[in-house]
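Worksheet for the structure shown next.
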Amino acid sequence: MPRSGDAVRVDFGSGRCYDMRFAPLAALDALLTDAGLRRGRCVVVTDGNVSGRWLGPATGALGDWDPVIIVLPAGEETKSAAALHKIYDAVLPAGIDRQTPVIALGGGVVGDLAGFAAATLLRGLPLVHVPTSLIAQVDSAIGGKVGINHAVGKNLIGTFCQPRLVCVDTAVLQTLPALEWNSGLAEVVKHALIADPTFMAFLDVAWEHILARDAPTIRRMVHWAASIKAAVVGQDEREQGRRAILNFGHTFGHAIERVAGYGAYTHGEAVALGMRAALTLSSRLHPDYCTRQVMALVKRIPVRFSLSSQGICVDALMDAMRYDKKVQRGVMRFVVLCGDGQAYVTDQVSRDDLSAAWAAAFR
Ligand code: GLY
């Protein structure tokens, strides 16, 4: 079990690594200095929702730094080429150099967009994530995936850009809207399911405290979930193999988002429903694996609407799965479990298996 006071290291071997530091936002300047960044110009990218609450404390915490501040509209639409160019237009005339850090203050959209800007400005500026959503603290700020959306689909333009530092203040999660909180819980549960039965047991026992956002419980939960993600990406930075297990429930979840219309379900809600399907698929492929307890945990993740209440049908979902990024040469691939904490990718899935899996998401 990881100790929640410690930094989480993302370690790629051969000396390449960075730390996730768990500290109050007020410690930002000290954390940047510890990470070897030189005080001077910096770029802060955030959005209209986060700025109202956290931009003041963050810039206050920057002390003698000289920030260029870019506040973009909140929402998925901001992960666009247009918003990327707004960043370029604000930053390039502002006297930056290759030591100028880009600080992404926000959730997944801000992190992915600002990260892509950092990767491309002057062929690479140091990136610092200051994640303010649960999904960002346990998932999107870790592992270096950055990018923007295209009209053809989400996350289709991007690269890997590992941050220099990730600064996590779990206190900021206290003000997160309930929908975003619940959405993040889906990724937390997913991390437990794919890699760590002890974390599953912790979530099971602590669930009421988690829903009530008990501060010490949240801190422990975020630290633990982040440690799991850090270990997975440390082993497989570019998703050549093991990293794909982080997509557990996502092939189904992405199909739900596509069919329901983006925004009808949050990403986390779709993943929570997708994990019900992925677990049923797992139990069909591994009849000896009893998924009852795991399924009970997944069903505790709050989801607002059932699939049937949204008029969604299995055929449309089956069809939508073909667009998944894991499809290789027309063959669909799925992350399944063969036991608690034991995930792998397979393409040995029949149409009957898939129908049964989808049925579970409807229940
Ligand atoms: N969110 C999945 C990954 O980072 O690989």
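Remember, it's 1-based here, ligands and their atoms both numbered in the order they're listed.
- For Asp319, the salt bridge (charged side-chain N to carboxylate O under 4.0 Å, His left out) partners are Arg322, not counting sequence neighbours.
- Using cut-offs of 30° and 60° on the angle between ring planes, the pair Tyr88 and His85 is perpendicular.
- If you look at ligand 1, the protein residues with a non-hydrogen atom under 4.0 Å away are Asp139, Lys145, Lys229, Glu239, Arg243, Leu246.
- A perpendicular orientation is assigned to the rings of Phe305 and Tyr265, their planes being inclined by more than 60° (bins at 30° and 60°).
- For Arg258, the side-chain contact (heavy atoms from CB on, under 4.5 Å) partners two or more places apart in sequence, or in a different chain, are Tyr262, Ala320, Tyr323.
- Here Asp353 pairs with Arg284 under the salt bridge (charged side-chain N to carboxylate O under 4.0 Å, His left out) rule; sequence neighbours left out.
- Note on ring orientation: taking the six-membered ring where Trp is involved, the planes of Tyr18 and Phe12 are tilted (angle from 30° to 60°).
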